[in-house]
Amino acid sequence: MRKKYLFFDIDGTLVNSRDRTIPDSAGRAIRLARAAGHLVYVNSGRPWCGVDPRVKAMGFHGFVCGCGLYIREGDEILFRQRMAKDVQQWAVDLVRRYRLQVMYEGADHVYFDLTRPLAPQVAAEKAYYDRMGLDTEGDPAGPEADFDKFVVWTGPGFDLDAFRREVEPGFDLILREGCLIELVSRGCSKGKAMEALMARHGMDRADCVAIGDSTNDLPMLETAGVSVAMGNGDPRIFDRVSFVTAPVEQDGIAKALERLGLI
């Protein structure tokens, strides 16, 4: 069989978003895919520091993090898109002006706006990083702050059109489930990162398989020759993929790779 390059999202794909469990079948499927000669990559919106250690231990050849802002293979960092200090401050000021809940993410650090109470979903993200041993108490507006993207949670009365006009010159907006918006520097995406790896390895689009569950996965799903949505995923992506597999907790990863004849 011709070698394939497999790209996997994390949250909602490899990891059950509700209880953070990883099905045994997913890890087994990754090992079998490697044993069959395929190359396996994570392609996630999470920053490098936020990748679950259990995922890092699963034997991936490389990682795309931050929606394409960071690419590594083994111990080599191939690409990192940094946010200039003045742009970081602009982002903090913008978010506070709109009174949004926020998480700022960098390859090595995450930050929260602790000047106001955290909404439950944001507090849950902070707790996730706290459990990983990261310092989540830093000031995103401080001189040592270092982040590359940010995620906001909107509320009643939020003016999306006005917000879009302010951010679109420099950022792509990814409208996620519920009231979540992910903001990534223009020119970077999960798909663009795949293209960079394709060029590095001389692979064709037909050699790539991508599996994800959310709208931020669309760039990689549309770049891959074969695209798979998790059954627990956002229904908005279902008609834009090759097929929909079972939910993560029902062995969706293993079933997808079996259906494709890869394991």
Side-chain angles (χ1 to χ4, degrees), residues 10-11 17 20 44-53 63-72 77 79-160 162-190 193 214-216:
I10 297 178
D11 297 279
S17 297
R20 308 302 308 169
S44 174
R46 291 275 180 191
W48 170 245
C49 67
V51 176
D52 192 309
F63 293 80
V64 174
C65 299
C67 290
L69 295 170
Y70 178 97
I71 307 172
R72 72 184 291 148
I77 299 173
F79 174 79
R80 180 177 177 187
Q81 176 72 41
R82 290 183 176 272
M83 188 183 296
K85 190 62 186 176
D86 61 327
V87 179
Q88 291 180 15
Q89 185 60 58
W90 168 86
V92 171
D93 292 342
L94 175 81
V95 168
R96 288 179 175 170
R97 178 156 46 84
Y98 276 84
R99 299 189 57 78
L100 300 172
Q101 293 282 323
V102 64
M103 176 171 64
Y104 301 97
E105 299 173 313
D108 305 308
H109 306 279
V110 291
Y111 303 87
F112 298 85
D113 188 347
L114 302 179
T115 64
R116 56 187 303 203
L118 300 182
Q121 62 268 47
V122 187
E125 287 291 334
K126 185 176 184 299
Y128 166 80
Y129 287 111
D130 287 339
R131 289 193 297 270
M132 292 177 62
L134 296 179
D135 178 9
T136 62
E137 302 295 320
D139 180 3
E144 303 302 319
D146 182 21
F147 59 87
D148 309 316
K149 65 187 283 275
F150 57 112
V151 178
V152 299
W153 287 261
T154 65
F158 172 68
D159 189 337
L160 175 59
F163 185 76
R164 190 193 300 272
R165 285 193 295 272
E166 294 203 54
V167 302
E168 276 195 335
F171 293 87
D172 287 321
L173 282 76
I174 305 172
L175 303 180
R176 301 282 302 276
E177 60 281 353
C179 58
L180 181 64
I181 302 176
E182 199 163 8
L183 295 109
V184 181
S185 296
R186 276 202 177 278
C188 293
S189 71
K190 293 186 178 187
S214 184
T215 52
N216 75 346

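The shown structure was predicted, so the numbers you read here are calculated from the model rather than taken from an experiment.
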Exercise for the section: Look at the side chain of R116 and the backbone N and O of R99, then say whether any donor-acceptor pair between them is shorter than 3.5 Å. Expected result: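 Pair found, side chain donor or acceptor close to backbone of R99.
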Got a second to check how far [X]'s [atom1] is from [Y]'s [atom2], nearest 0.5 Å?
X	Y	atom1	atom2	result
I71	K190	CD1	NZ	13.0 Å
L94	F150	CG	CZ	6.0 Å
L118	E125	CG	CD	11.0 Å
Y128	T136	OH	OG1	13.0 Å

Heavy-atom side-chain contact between [X] and [Y] under 4.5 Å:
X	Y	answer
H109	D135	no
V51	S44	no
Y129	E105	yes
C188	K149	no
L160	T154	no
R97	E166	yes
W48	R80	no
V102	Y111	no

Problem - Residues L180, Q121; criterion side-chain contact (heavy atoms from CB on, under 4.5 Å); working and verdict - result: CA-CA 10 Å; L180 181 64; Q121 62 268 47; over 6 Å; no
Looking at every heavy atom in both [X] and [Y], which two are closest together, and how far apart are they?
X	Y	result
V184	G66	CG1-O, 4.3 Å
N216	C67	ND2-SG, 3.8 Å
V92	Y104	CA-OH, 3.3 Å
M103	W153	N-CZ3, 3.8 Å
P47	C65	C-CB, 3.9 Å
D148	S185	O-OG, 4.2 Å

Enumerate donor-acceptor pairs with a distance under 3.5 Å from any side-chain N or O in residues 169-178 to protein atoms, sequence neighbours excluded.
| unit_1 | atom_1 | unit_2 | atom_2 | d |
| --- | --- | --- | --- | --- |
| D172 | OD1 | R186 | NH1 | 2.6 |
| R176 | NE | S214 | OG | 2.8 |
| R176 | NH1 | E182 | OE1 | 2.8 |
| E177 | OE1 | S214 | OG | 3.4 |

Problem - Residues D159, R164; criterion salt bridge (Lys or Arg N to Asp or Glu O under 4.0 Å); working and verdict - result: CA-CA 9 Å; D159 189 337; R164 190 193 300 272; over 6 Å; no
Practice task
Any chance you could lay out the side-chain contact (heavy atoms from CB on, under 4.5 Å) test for R96 and T115, step after step, and finish with the verdict?
Solution key: CA-CA 10 Å; R96 288 179 175 170; T115 64; 3.7 Å; yes
Practice task
Could you give me the CA-CA distance, side-chain angles and deciding distance for W90 and V167, then say whether side-chain contact (heavy atoms from CB on, under 4.5 Å) is met?
Solution key: CA-CA 10 Å; W90 168 86; V167 302; 3.8 Å; yes
Donor-acceptor pairs are to be reported for all side-chain atoms of residues 137-147 against protein atoms at under 3.5 Å, with residues two or more places apart or in another chain.
| unit_1 | atom_1 | unit_2 | atom_2 | d |
| --- | --- | --- | --- | --- |
| E137 | OE2 | K126 | NZ | 2.7 |
| D139 | OD1 | A141 | N | 2.9 |
| D146 | OD2 | R82 | NH1 | 3.4 |

